[in-house]
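Here's the structure we're looking at; comments come further down.
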Amino acid sequence: MCGPVITIRTQRSLVVIYLIINRSNFDLTTNMAAPTREGTANDVLDVRQFLEGWAGLVGNSQLQKHEDDDQEAKIANDMSISREMVEELASVCSTDTLLCGSEPEEGNLTAFPEVNLLTVRCQEESVQKRENDNIFRTKVSRKMRYKYVQTLAPPCQSEGSIECPIKIPETFLDQEFQVIGSNTLTDLRDKYSCVADFSVPGEFSEDPDMPQDNRAKDLFKSGFFFIEGTFYNDMRYDDCRDYSKVIIDWAKEKERGLGPYTSAKMETTRFVDLKLRLGQPYVYLHQGECEHLVVFSDLRLHGADDPQDAKAYPLLVHKSKPRRQLCIACQTMTARWIVHGSPLAPEDPSHFCDVCFKMLHYDKNKKKLVEFKAFPFLDKTAVF
Amino acid sequence: MVKERVYTPLAGVLVDMQSFVEEFTATESVRYEQFAEIWREKKMSLIFCGRQTERELKEFTEDMFSVVLQYLGSSQTFQVQVAGLFLLYGLYHTQPLKPKAKVRVTREQFQSILQFHREVKNQGHLDVDYVFQKLKIQRAFDFVANAHPCDILQATHTADDDLNKDSLPVEKSVVSEILQPDNIAQLATIHEQYVEMKCRLAGRDRPDTALDVIQPDIVQYLTRAVASHEEWRKTGKRLQKKDGGITSESEAESDVEHPKPSVCHGRKRASIRERAFSKTAEPSRGRRHRRATVHNGTEQSPTKSPPKKRGRKSSRVESMEEQEVLRVPTVNLREEMRSVILNMPRLSGEEKVSKRGKKSKTESMKNTRKKEIKKAPKEKGQLKEKIAPKGKSKVKLSKSKQCTPEENIPDPH
């Protein structure tokens, strides 16, 4: 992502917007995107239209789980033939007819059998190349579409009906969620965990044992999603601020060629109301300046093989495991403090675990030994 | 040698699927037994073998489904569509992934599949119908907006793509992309049908001369023209027009008439080098430790030059080198320009010229020279000393700087 970083200072908060401007001028004014370097940006999808477009084509039988034991009766019914015919057909077209006898066993799928298929030969070559060339191996690993494979979610007890059967997996680049059409944007916001939300503001060097109970999440509750030219602000609480007003006014001011942007409420917008592009990065901003990219990667009908409980959504499907920040002193414990300007510390700023921090900077009377500033630090791996 | 580091999970799939469909259509039957026989004989269930991880397998399976779905499109013949459906059934069931990867269908694709299903029902093919019902009941389809899930990483250009390019990309010709073998085959069949129709109209073996509106051998003419163009792009000379098309004699002939391009190049380069190395350049004070000496036609000049200049110079010289690749044969023009520039006396006043003027080269040289000076000035007096004798040193230094990139080119002689 290249492009100028535009910083807007307001009296209260520092808002930084990265305008992703590709070489061919992504036009934010209209909904048409010029071709990017890799390919064309996808078209805008209306989620509701997508859902309604499938009406009549797809029957409930394919979306909901039915009792599987009487498939044949069902097929006989659909095909308007007798059950005996269906059984005969079943034997003719059974999956056993597809086996050639030399299938590899369960665990041995990586081996290359002797078979006259160009696909297998090419794959063999590719694997050989990967073994010989490290760069190619890492490149292949990075270019693969799936970073992980989902395991089946355990079957849910309660049978809540899904109101708008659409699933939208979306990636926050470190966490992946699946949402259904009836979820609101605030549902997603609440499920997404960011370190900034749980951090404790304040300087603690005078009294490190002061209780750390005021989380930033409770102090600064505002946030917005920026999707296709509209800012969806979270206005559930009285002290929530409209972050987007500054940006909208700024975009109106000069001939920047931006906007006009609109704003809406996050808590009343459901995913089925949205218009979005797949693969297009959108922005989630909270805590004044903590930005995250949100990408909608897929849009499909909710099926019988997906978890059926509506309350389970937004469903966290994947969370990346970042490396934890170690204490600079012991290199063993996870850091709990970040220290600025301490002459005793090897770097500025440094991360310390609780034990090392107190041992280094305080005497036995719990008095500060040198001049420094200490802030509580919460590692990404500590947030669930 | 360019190392192709491209990840192609679907390498070979199209070939295998195509051969399967061809074999199936050759049987002229739409029965499942025929399909199963060919499937077993080809051992298609082993197509999934060799994928190293589950994620690789998943991507491969889904991509393969999307390839097979093309055979189910409404523009295909009925038999090809049946083959496609059977293939889907076979691949869906023999895939080793657990839970099974689903077949992603967009609305348009599913509509054409349903249309095909209606036709199947009308024609009364029970086994085909059954196969489709089975796929539906097992929920093999996933109803999506886009054929593939879109990840943000695919939309950005990664830096290592550039780093992996070991050589300059070969310029592709649009002409050869348009006239692919498939297109030419189609064109040939259409032309045959056209000629046949004209013959039938005339009632004789030959079409009526009144209907002669196109070239009689249009396909050969086109292929010859394209081949000749390709040859010209590669070697810089046109093929001789022969009735039978391109022959090796024509190439040999043209070789005899004109000397080989590499020989031409060698001579030209040698002459430039001679002219350039006849005088040595006065290096800047910052480069005092590296004195320019002339021996055996090579010169040790400071190898450190600003990358911009190096890039520009080397690209200019390389462009001469890669004449075979570039389309515009402007060797002689460039030669003349260079000789003019080298011998041109430097004017004291600066004249504003357009970017593409001759003088821009010297100006840019001067700018980069100034940058070099600014890098290591010890005293201010030295600076003035350097800038003052603009005339001579400019020309000399430009020559020496020109020599540097040439040095990097391996001498073929």
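Convention: sequence-line order gives letters A, B, ...; per-chain numbering from 1.
Geometric assessment of B/Lys58 against the ring of A/Tyr146 yields a positive cation-pi assignment under the 6.0 Å and 45° thresholds.
By number of non-hydrogen pairs under 4.5 angstrom with chain B, the leading residue of A/Gly53, A/Cys122, A/Cys93, A/Ser297 is A/Cys93. When B/Tyr7, B/Trp39, B/Phe48, B/Tyr89 are compared by the number of non-hydrogen pairs under 4.5 Å with chain A, B/Tyr7 comes out ahead. Looking only at heavy-atom pairs under 4.5 Å with chain A, the residue among B/Lys43, B/Arg51, B/His148 that has the most is B/Arg51. Of the residues considered (B/Met64, B/Glu41, B/Arg107, B/Gln133), B/Arg107 shows the highest number of contacts with chain A, using heavy-atom pairs under 4.5 Å.
Atom CG of A/Asn116 and atom NZ of B/Lys42 lie 7.0 Å apart (nearest 0.5 Å). Taking CZ of B/Phe143 as the reference point, atom CG of A/Leu57 lies at 9.0 Å (rounded to 0.5 Å). To the nearest 0.5 Å, the span separating NZ on A/Lys143 from OG1 on B/Thr8 amounts to 12.0 Å.
Residue A/Ser126: no heavy atom, backbone or side chain, is found under 4.5 Å from chain B. Both the backbone and the side chain of B/Leu126 come within contact range of chain A, with heavy atoms under 4.5 Å apart. For a residue to count as touching a neighbouring chain, one of its non-hydrogen atoms must lie under 4.5 Å from one of that chain's; by this rule A/Thr138 does not touch chain B. Of the two parts of A/Val92, the backbone and the side chain both hold a non-hydrogen atom closer than 4.5 Å to a non-hydrogen atom of chain B. Only the side chain of A/Leu45 comes within contact range of chain B, judged by heavy atoms closer than 4.5 Å. Contact of B/Tyr130 with chain A is made through backbone and side chain together, with heavy-atom distances under 4.5 Å. With a threshold of 4.5 angstrom between heavy atoms, B/Met44 approaches chain A through its backbone and through its side chain. Proximity to chain A is limited to the side chain of B/Lys102, based on heavy atoms less than 4.5 angstrom apart. Looking at B/Phe86, neither its backbone nor its side chain comes within 4.5 Å of chain A, counting heavy atoms on both sides. For B/Glu62, the part lying under 4.5 angstrom from a heavy atom of chain A is the side chain only. Interface residue B/Asp142: only side-chain heavy atoms are found under 4.5 Å from chain A.
Using a 4.0 Å cut-off between charged side-chain N and carboxylate O, B/Glu56 and A/Arg130 make a salt bridge.
The heavy-atom pair separating B/Leu46 from A/Val120 by the smallest distance is O-CG2, 3.6 Å. Minimum interatomic distance between B/Gly50 and A/Val127 (heavy atoms only, all atoms of both residues): O-CG2, 4.0 Å. In this structure, B/Val105 and A/Trp54 approach most closely via the heavy-atom pair O-CH2, 3.7 Å.
Residues of residues 10-24 of chain B lying under 4.5 angstrom from chain A, judged on non-hydrogen atoms, are B/Ala11, B/Gly12, B/Val13, B/Val15, B/Asp16 by number.
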**Request:** Go through A/Ser141 and B/Arg55 one step at a time and tell me if the side-chain contact (heavy atoms from CB on, under 4.5 Å) criterion holds.
**Result:** CA-CA 10 Å; A/Ser141 184; B/Arg55 48 190 268 237; 3.7 Å; yes
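Contact check for B/Asn146 versus A/Leu299: no side-chain heavy atoms found under the 4.5 Å cut-off.
Residues forming a side-chain hydrogen bond (donor to acceptor under 3.5 Å, both in side chains) with B/Arg40 (at least two apart in sequence, or on another chain): none.
Of the possible donor and acceptor atoms, none in the side chain of B/Glu59 sits under 3.5 Å from a partner among the backbone N and O of A/Met144.
Residue-environment remark: CD (B/Gln138) exceeds the threshold of 12 foreign heavy atoms within 6.0 Å.
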